[in-house]
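Encoded as structure tokens, the structure appears first; notes follow it.
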Amino acid sequence: MDLKTSHNSPVFVDPLPSLALPMTYTTPTSFPSSGLYLNTPKKKPLPSKIEEVRAAGWLDLMLASSPPRKRQSKDFLPHDVQADDLDLRYRNWMVNYPSALGSFEAITELARGKKMALFLDYDGTLSPIVDNPANAVMSDEMRAAVRHVASLFPTAIISGRSRDKVFDFVKLTELYYAGSHGMDIMGPIRKSESNGHHVECVRSTDSEGKEVNLFQPASEFLPMIAEVFENLSESIKDIEGARMEDNKFCVSVHYRNVAPHDYETVHQRVTAVLKDYPCLRLTHGRKVLEVRPVIDWNKGKAVEFLLESLGLNESDDVLPIYVGDDKTDEDAFKVLKANNHGFGILVSSVPKDSDAFYSLRDPSEVMEFLRTLAAWKEGSS
Ligand SMILES: O=P(O)(O)OC[C@H]1O[C@H](O[C@H]2O[C@H](CO)[C@@H](O)[C@H](O)[C@H]2O)[C@H](O)[C@@H](O)[C@@H]1O
């Protein structure tokens with residue numbers, strides 16, 4: 001999908017294969033009017049051949065998504081040779097994406113004399129990937145490591161989950177939280193009232209009564225998201241292992257526990273429901289299809305927004321670091337790279353292309369990195 005609006009308007013480019021739709025759709029009765037909203041042009045029916053190719057693209061993504069966890073991959077590998085091959089490929093890949101732990105000295109060189117700001121994804125970064133999303137708890141050790149860095153640097157968690165849910169897992173009041181892929185941000189009261197995004201914030205209070213800014217650029221989509229959640233739940237209810245998750249401004253359709261021969265059915269059912277919702281789009285994460293509003297907002301924009309709120313956006317003496325494992329985190333890596341302002345760290349145990357600069361293998365390495373960062377900061381101040 002490649003929607004480009006006229007000059008001065010938001011641009012949204014989605015690198016993923018387009019949905020095999022909409023063939024036709026009805027205009028929703030309540031049409032969100034947010035300035036961030038991108039009008040989807042009416043599409044002509046596509047020839048069925050192209051539809052098949054596009055659907056096949058999604059199927060490939062669904063099959064390839066999310067590497068098996070370590071224990072499982074050993075079960076699948078018939079020979080140690082294959083494990084060695086994987087390891088060799090990983091080590092070759094690390095030439096381009098060096099370990100943030102192995103390169104810690106270089107990172108501290110970059111950080112010297114600068115204010116650091118930390119942005120952390122949740123699933124797959126602070127908690128390991130598990131079969132049931134409700135069980136993706138954070139360990140006490142990880143919580144202590146996050147609390148420690150948050151006492152030393154401004155720290156935010158930016159997750160695809162709803163903000164409330166991610167807070168329930170993390171339970172730390174000293175952080176900022178952005179849920180629903182950045183569409184629900186509870187951040188500090190902005191230092192400057194001028195804002196390049198021309199967005200509106202609402203004053204609110206956090207769980208401790210502290211004054212905060214609440215920014216929800218997709219709030220007009222809430223009724224539509226609630227409706228699509230119901231329709232999708234109904235539509236996939238007979239697919240064994242498929243699971244819905246309500247993330248407030250977006251919806252997840254999980255297929256981690258679905259048999260691979262049913263992946264196509266999951267995709268078909270989801271796209272069939274979405275035909276009636278042209279202002280919602282589908283993206284793909286780790287064994288999850290994510291439905292969200294077509295607005296020009298993502299984790300990258302959330303990082304820019306939070307940096308601005310913290311008064312850290314226009315200064316050369318700031319080093320933002322974003323740690324994440326998923327495709328949606330790439331938007332944040334891209335922003336830091338494009339602005340030449342800080343860098344991303346990709347959490348991955350397999351080689352993959354990324355706009356991150358460094359890598360870490362898994363959440364346990366993330367924890368070690370956070371601890372090392374805190375120890376360095378304390379030792380240097
Ligand atoms: O931005 P994130 O914090 O990484 O959230 C992205 C999605 O994460 C969760 O799903 C993923 O983790 C689950 C628990 O380990 C796993 O079961 C699932 O297969 C993964 O895709 C979350 O449940 C989703 O709603 C988020 O969109």
Side-chain angles (χ1 to χ4, degrees), residues 16 61-72 119-139 142 146 155-170 175-185 218 225 228-229 232-233 236 241-260 263 266 270 280-293 297-303 322-333 344-349 352 354 356 360 362-364 366:
L16 290 169
L61 277 175
M62 289 175 80
L63 286 163
S65 136
S66 200
R69 278 163 283 144
K70 262 187 195 154
R71 198 164 19 87
Q72 290 170 323
F119 299 95
L120 306 168
D121 168 51
Y122 183 73
D123 289 280
T125 297
L126 297 180
S127 70
I129 294 294
V130 292
D131 285 344
N132 183 348
N135 294 341
V137 289
M138 187 174 170
S139 69
M142 181 66 96
V146 174
T155 302
I157 295 197
I158 305 189
S159 171
R161 304 238 191 192
S162 73
R163 183 168 48 80
D164 286 350
K165 209 179 305 166
V166 85
F167 179 78
D168 283 348
F169 279 129
V170 178
L175 310 179
Y176 303 111
Y177 291 88
S180 310
H181 295 293
M183 288 181 283
D184 188 6
I185 303 180
I225 293 288
V228 85
F229 180 83
L232 286 169
S233 304
I236 60 142
R243 187 197 300 262
M244 296 292 305
E245 188 179 3
D246 180 356
N247 286 332
K248 191 161 180 172
F249 295 102
C250 43
V251 161
S252 289
V253 185
H254 291 277
Y255 63 92
R256 183 167 292 279
N257 303 316
V258 171
Y263 285 3
V266 174
V270 171
L280 299 182
R281 66 183 173 115
L282 191 62
T283 58
H284 187 242
R286 300 183 68 171
K287 299 274 187 255
V288 66
L289 298 177
E290 293 174 297
V291 176
R292 49 164 138 169
W297 199 262
N298 55 39
K299 289 185 173 188
K301 300 268 180 180
V303 166
Y322 187 105
V323 191
D325 72 315
D326 210 346
K327 278 206 187 69
T328 58
D329 301 310
E330 292 293 331
D331 292 321
F333 298 154
I345 301 178
L346 174 68
V347 183
S348 181
S349 59
K352 44 174 149 158
S354 173
L360 289 167
D362 52 31
S364 69
V366 173

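Order of listing sets the numbers, starting from 1, for every ligand and every atom in it. Only heavy atoms go into these numbers, but all of them, side chains included; no hydrogens, no water, no symmetry mates. Here the structure is a predicted model, which is why all the values come from computation and not from measurement.
Summarising the contacts of atom 1 (O) of ligand 1 with Arg161, Arg286, Lys299, the nearest heavy atom is found in Lys299. Across the listed options Lys287, Met244, Arg256, Arg256 owns the non-hydrogen atom lying nearest to atom 19 (O) of ligand 1. Of the options Ser127, Ser159, Gly285, the smallest heavy-atom separation from atom 3 (O) of ligand 1 is shown by Ser159.
Remark: ligand 1 and Val130 share an N or O pair separated by less than 3.5 Å (distance only, no angle test). The distance criterion of under 3.5 Å between nitrogen or oxygen atoms is not met by Asn132 with respect to ligand 1.
A donor-acceptor contact under 3.5 angstrom links the side chains of Glu245 and His254, judged on distance only.
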Audit row: Ser349, Asp362, side-chain hydrogen bond (donor to acceptor under 3.5 Å, both in side chains) steps and yes/no: CA-CA 6 Å; Ser349 59; Asp362 52 31; over 6 Å; no
Report the C-alpha distance between Arg243 and Asn132 in whole Å, list the side-chain angles of each, state the deciding distance to 0.1 Å, and finish with yes or no for side-chain hydrogen bond (donor to acceptor under 3.5 Å, both in side chains). CA-CA 9 Å; Arg243 187 197 300 262; Asn132 183 348; 3.2 Å; yes
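Side-chain contact check for Asn247 versus Lys165: some heavy-atom pair is nearer than 4.5 Å. You'll find the side chain of Thr328 reaches within 4.5 Å of the side chain of Arg292, heavy atoms only.
Taking the six-membered ring for Trp and thresholds of 30 and 60 degrees, Phe333 and Tyr322 have ring planes more than 60 degrees apart, a perpendicular arrangement.
Of all the heavy atoms of Pro128, the ones lying under 4.0 Å from any atom of ligand 1 belong exclusively to the backbone. Residue-level proximity to ligand 1 for Asn135 is absent, since no heavy atom of it falls below 4.0 angstrom.
Of all protein heavy atoms, the one closest to atom 23 (O) of ligand 1 is Glu245 OE1, 2.5 Å.
Residue-ligand proximity: Gly324 is placed with every non-hydrogen atom at 4.0 Å or more from ligand 1.
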